[in-house]
S.K.: 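Here it is: the structure, laid out below.
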Amino acid sequence: MKALSPESIVGEALESVYREVAAAIAAASRGALEPEQVVLVPAPAHTGCDLAFQCFKLARAWRQAPPAIAAEMATRLAAPEGDLLASAEAAGPYLNLRLDRDAVAARVLAATAAAGDEYGHSRRQQGEVVMMEYVSPNTNKPLHLGHLRNAVLGRAVIRLIAAQGARTYTSDIINDRGIHIAKSMVAYQRWGEGKTPQEAGIKGDHFVGRLYVRFSRALDDERRAWLERQGIDPSTLDERARKKVEERFQQASELMGEARDLLRRWEDEDPEVRALWRRMNRWVYDGFEETYRKLGITFDKHYYESEIYQGGKEIILEALEKGIFERAPNGAVVAPLSKHFKLQDKTVLRADGTGLYVTQDINLAAIKFRDFGLTRSIYCIGSEQDYYMKQLFAILKLLGFPWAEGLHHLSYGMVYLPEGKMKSREGRVVDADDLIAGMSELAEEALRERHGELDDEERERRALAIALAAMTFHFLVVGRDTEIHFDPASSLAFEGKTGPYLQYATARVASILRKAGDWQPPVSPVLHDDLEWRLVFALLLFPTVVADAADSLDPSRLANHLVDLAQSFSTFYHDLPVLAAEEPLRASRLALVQAVGQTLKNGLRLLGIEPLEVM
RNA sequence: GCGCCCGUAGCUCAGCUGGAUAGAGCGACGGCCUCCGGAGCCGUAGGUCAGGGGUUCGAAUCCCUUCGGGCGCACCA
């Protein structure tokens, strides 16, 4: 469990508790510690205590063994001042502390009630302006499983940051130009029969995606025939030779020739080609938009590669003049990263003067800071780009941009299907729309079993919320770096450590409160039971956990804490009566239930999961 | 060859700046619907934290190393 120290804790209630306890510990430390140097940890359950102070750090100052220190401090704290610290006892090298649980509960319940939907938020990042770039799909295929993890992670992180008081924006960079688009366009010209997605009855992004696949298959056929004509058997060649053969084929290919021709005409702004391009992109964007709407993913700004890919050259040429970048013998411009960082040099401009992907990224980074006055810019991109992102950030630092320190790569592990890494060209993907639809169907079945009386509309609404909760939580509960081997059976589960389990807890809270009738929150709550204390303590830590998740860009910290909270709550309401309890216990427990509900709701919203009042 | 990430229970994963008996979920086995909604609760079994060195009063956690897996290392995007 996390250690509590002044720099790590967030939240009024916890801060006030810490301040009082730390003052008492410091007072008992023979002047060895200032209050703000006191580190406290939650005491393990078997001790029956609430917090612990570890005496190892005092061993040097006191020139005594930790157990002796603990014993003496326990004596000194025998009659603690203040109303919070109830008792202190030595246990080996540990000084275990009991708190006045009612007093702590009073502070937590007051804090949650006062803050409401804002409980867990802070102003630690007030003044910061942060942008999250995420999802960033290509326009030649629909969103897949990998995009879902990306979207869900990026959304949670930016919400966590917003909850720290920062102003936040979301963006994506849409790869809407290049040879891949030209391929889809060739396919449409050849086989599209002039139909629109509506006429074909297919969602726009899927419509275009199919054309892309169609092109790839046709190209495969063409390659087979060509190899046969050439009398080449690639399986007999080594990798280098195969690459050479592939290059020759690409040059000889009729289909690739058409695609290259279209790309050239696109570059020359041929009106006819541009019109088709715009038309097909619109279909794709409409399709994406539909998926985003379902997921609740939004963007403040779309950046289009077609609009920025030619920029960035001025920045680079200027840096070349200043001697920051170097000219390679053949004329290409190179960022000499190996001189300044433990990275390999990176070409930033081709010998023929045209830009590369990184050229555009340099440009876009600057545009974002300029457009929005950012202090920080986060890129939610898979871990396969770790090295590239390091290079990009190093280049921007080399260029001397003052904002370069505000760049962050929000990296995450790959998503694999049972058969291996997803490859869209081979069709081995789990399509985002299919997945959502499939999970909604499962959730609907479950709802039909439980609530046969629901009308279709309400059932569908709940089913979607539950399905998205399951999917979202599944991606967020594991650490960022953890690779996800997507297994439908566990990924689609609604029971156990899942999103729907958390939604169920919020629904149970709502249900209890609905039946409570009129009640007044207690002035001084009476909550001594261990089951109650676990909840109080989890609520007390919540703002700190949120802050930690935000700072580490890792929502899994919050997700796991919510599971702890929900599990503790389940045990609590199973074992202890709320509505049937005697006053003043009843009001105290109701206030606790309300605080738990508020906290679960706030936590789920930060993760991008819809809490449910009924399910 | 070089760099980064990872290896914890049968499976999927937590375990955060080193601290008390390493935790959850699933699966297995056994209980719990006269009681605030069973998408729930309780219990049992199950781990030399991949192996080996080292640092430390103390290592799943830090360092080195071996083995095993993943991803990168373009004038591609």
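Only a predicted model underlies this, so the values are computations on that prediction, with no experimental measurement involved. To find a chain, count down the sequence lines: A is the first, B the second, and so on, and within it residues start at 1.
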S.K.: In Watson-Crick or G-U wobble terms, both distances under 3.5 Å, what is the partner of G10(B)?
M.R.: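 Pair assignment: G10(B) / C26(B).
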S.K.: Can you check whether Tyr379(A) and His409(A) have ring centres sitting under 6.0 Å from each other?
M.R.: no
S.K.: Say we look at G23(B) and U8(B): how far apart would their C1' atoms be, to the nearest angstrom?
M.R.: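 Per the computed distance, 10 Å lies between those C1' atoms.
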S.K.: Roughly how far apart, to the nearest Å, are A14(B) and A9(B) at atom C1'?
M.R.: 13 Å
S.K.: May I ask you to decide if the ring planes of Tyr357(A) and Tyr388(A) are parallel, tilted or perpendicular, using 30° and 60° as cut-offs?
M.R.: tilted
S.K.: For the base of G58(B) and the side-chain ring of Phe56(A), does the geometry meet a stacking cutoff of under 5.5 Å between centres and under 30° between planes?
M.R.: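 Aromatic stack with G58(B) absent for Phe56(A).
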S.K.: Where the side chain of Val478(A) is concerned, which of A24(B), A20(B), A14(B) is the nearest nucleotide?
M.R.: A14(B)
S.K.: Give a yes or no on whether a salt bridge exists between Glu247(A) and Lys243(A), defined as a side-chain N under 4.0 angstrom from a carboxylate O.
M.R.: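 Here Glu247(A) does not pair with Lys243(A) in a salt bridge, since their nearest N and O are not under 4.0 Å apart.
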S.K.: Could you tell me whether Asp352(A) contacts a base, only the sugar-phosphate backbone, or nothing, with contacts defined as non-hydrogen atoms closer than 4.0 Å?
M.R.: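 Asp352(A): no heavy atom of the nucleic acid under 4.0 Å.
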S.K.: G69(B) and G30(B): how far apart are their C1' atoms, nearest whole angstrom?
M.R.: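 Going atom to atom, C1' in each nucleotide, I get 38 Å.
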S.K.: May I ask you to say what Gly479(A) touches in the nucleic acid, namely base, sugar-phosphate or nothing, with a heavy-atom cut-off under 4.0 Å?
M.R.: sugar-phosphate
S.K.: Please state how far atom CD in Gln37(A) lies from atom P in U17(B), giving the value in whole angstrom units.
M.R.: 20 Å
S.K.: When the distance from CD of Glu247(A) to P of C76(B) is rounded to whole Å, what number comes out?
M.R.: 11 Å
S.K.: Give me the distance, rounded to whole Å, that separates C41(B) from C4(B) when you measure between the P atoms they each carry.
M.R.: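 43 Å, rounded to whole Å.
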S.K.: Base, sugar-phosphate, or nothing: which does Val593(A) touch, judged by heavy atoms less than 4.0 Å apart?
M.R.: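 Val593(A): no heavy atom of the nucleic acid under 4.0 Å.
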S.K.: Touch check for Ser511(A), heavy atoms < 4.0 angstrom, all strands: base, sugar-phosphate only, or nothing?
M.R.: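 Touches a base.
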S.K.: If you go through the side-chain atoms of Asp345(A), does one of them form a donor-acceptor pair with the base of A74(B) closer than 3.5 Å?
M.R.: no
S.K.: Just the rounded figure in Å: distance from C1' of C71(B) to NZ of Lys390(A).
M.R.: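 In whole Å, C71(B) C1' lies 12 Å from Lys390(A) NZ.
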S.K.: Describe the nucleic acid contact of Ile466(A) in one word from base, sugar-phosphate, nothing, applying a heavy-atom distance below 4.0 Å.
M.R.: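 Base, at least one base heavy atom under 4.0 Å.
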S.K.: What about Lys515(A), does its side chain sit under 3.5 Å from the base of G37(B) through a donor-acceptor pair?
M.R.: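 Side chain to base: no pair below 3.5 Å.
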S.K.: Return the value, rounded to whole Å, for the distance between atom NE2 of His409(A) and atom C1' of G72(B).
M.R.: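 Atom NE2 in His409(A) sits about 12 Å away from atom C1' in G72(B).
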S.K.: Report yes or no: do Arg508(A) and Tyr573(A) form a side-chain donor-acceptor pair below 3.5 Å?
M.R.: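 Side-chain D/A pair, Arg508(A) to Tyr573(A): present.
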S.K.: Do the side chain of Arg480(A) and the main chain of Ser552(A) share a donor and acceptor less than 3.5 angstrom apart?
M.R.: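 Present.
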S.K.: Applying the Watson-Crick and G-U wobble criteria at under 3.5 Å, what pairs with A50(B)? Answer none if nothing qualifies.
M.R.: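 Its partner is U66(B) (Watson-Crick or G-U wobble, both distances under 3.5 Å).
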S.K.: Does C33(B) count as syn, meaning its glycosidic angle lies within 90° of 0, or as anti?
M.R.: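 Base orientation: syn.
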S.K.: Determine which nucleotide pairs with U55(B), using a 3.5 Å limit on both distances of a Watson-Crick or G-U wobble pair.
M.R.: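 Matched U55(B) with nothing under the 3.5 Å cut-off.
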S.K.: Under a 4.0 Å threshold between the charged nitrogen and the carboxylate oxygen, would Glu445(A) count as salt-bridged to Arg448(A)?
M.R.: no
S.K.: Under the 6.0 Å and 45° cation-pi test, does Arg149(A) pair with Tyr412(A)?
M.R.: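 Judged by the rule, Arg149(A) and Tyr412(A) form no cation-pi pair.
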S.K.: Under 4.0 angstrom, heavy atoms only, what part of the nucleic acid is His180(A) near: base, sugar-phosphate, or nothing?
M.R.: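 Result for His180(A) = nothing.
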S.K.: What interatomic distance, in whole Å, is found between P of A22(B) and the corresponding atom of C5(B)?
M.R.: 28 Å
S.K.: Please measure how far the C1' atom in G7(B) lies from the corresponding atom in C13(B), and state the result in whole Å.
M.R.: 13 Å
S.K.: Can you tell me how far C1' of A77(B) sits from OH of Tyr304(A), to the nearest Å?
M.R.: 19 Å
S.K.: Atom CD1 of Ile69(A) to atom C1' of G19(B): distance rounded to whole Å?
M.R.: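 Distance, rounded to whole Å: 15 Å.
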S.K.: Which part of the nucleic acid, if any, lies within reach of His451(A) when heavy atoms closer than 4.0 Å are counted: base, sugar-phosphate only, or nothing?
M.R.: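 Base: the residue His451(A), judged by heavy atoms under 4.0 Å, touches a nucleobase.
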S.K.: Is C73(B) paired to anything, Watson-Crick or G-U wobble with both distances less than 3.5 Å, and if yes, which nucleotide?
M.R.: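 The base-pairing partner of C73(B), which may sit in any strand shown, is G1(B).
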S.K.: Please give the distance between the C1' atoms of C64(B) and A59(B) as a whole number of Å.
M.R.: 15 Å
S.K.: My understanding is that a pair needs two contacts under 3.5 Å, Watson-Crick or G-U wobble. By that rule, which nucleotide pairs with C41(B)?
M.R.: G31(B)
S.K.: Please state how far atom CG in Asp176(A) lies from atom P in A77(B), giving the value in whole angstrom units.
M.R.: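 About 14 Å, once rounded to whole Å.
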S.K.: From OH of Tyr573(A) over to C1' of A39(B), roughly how many Å is that when rounded to an integer?
M.R.: 9 Å
S.K.: Measuring only the C1' atom in each nucleotide, how far is G10(B) from G27(B)? A whole number of Å is fine.
M.R.: 8 Å
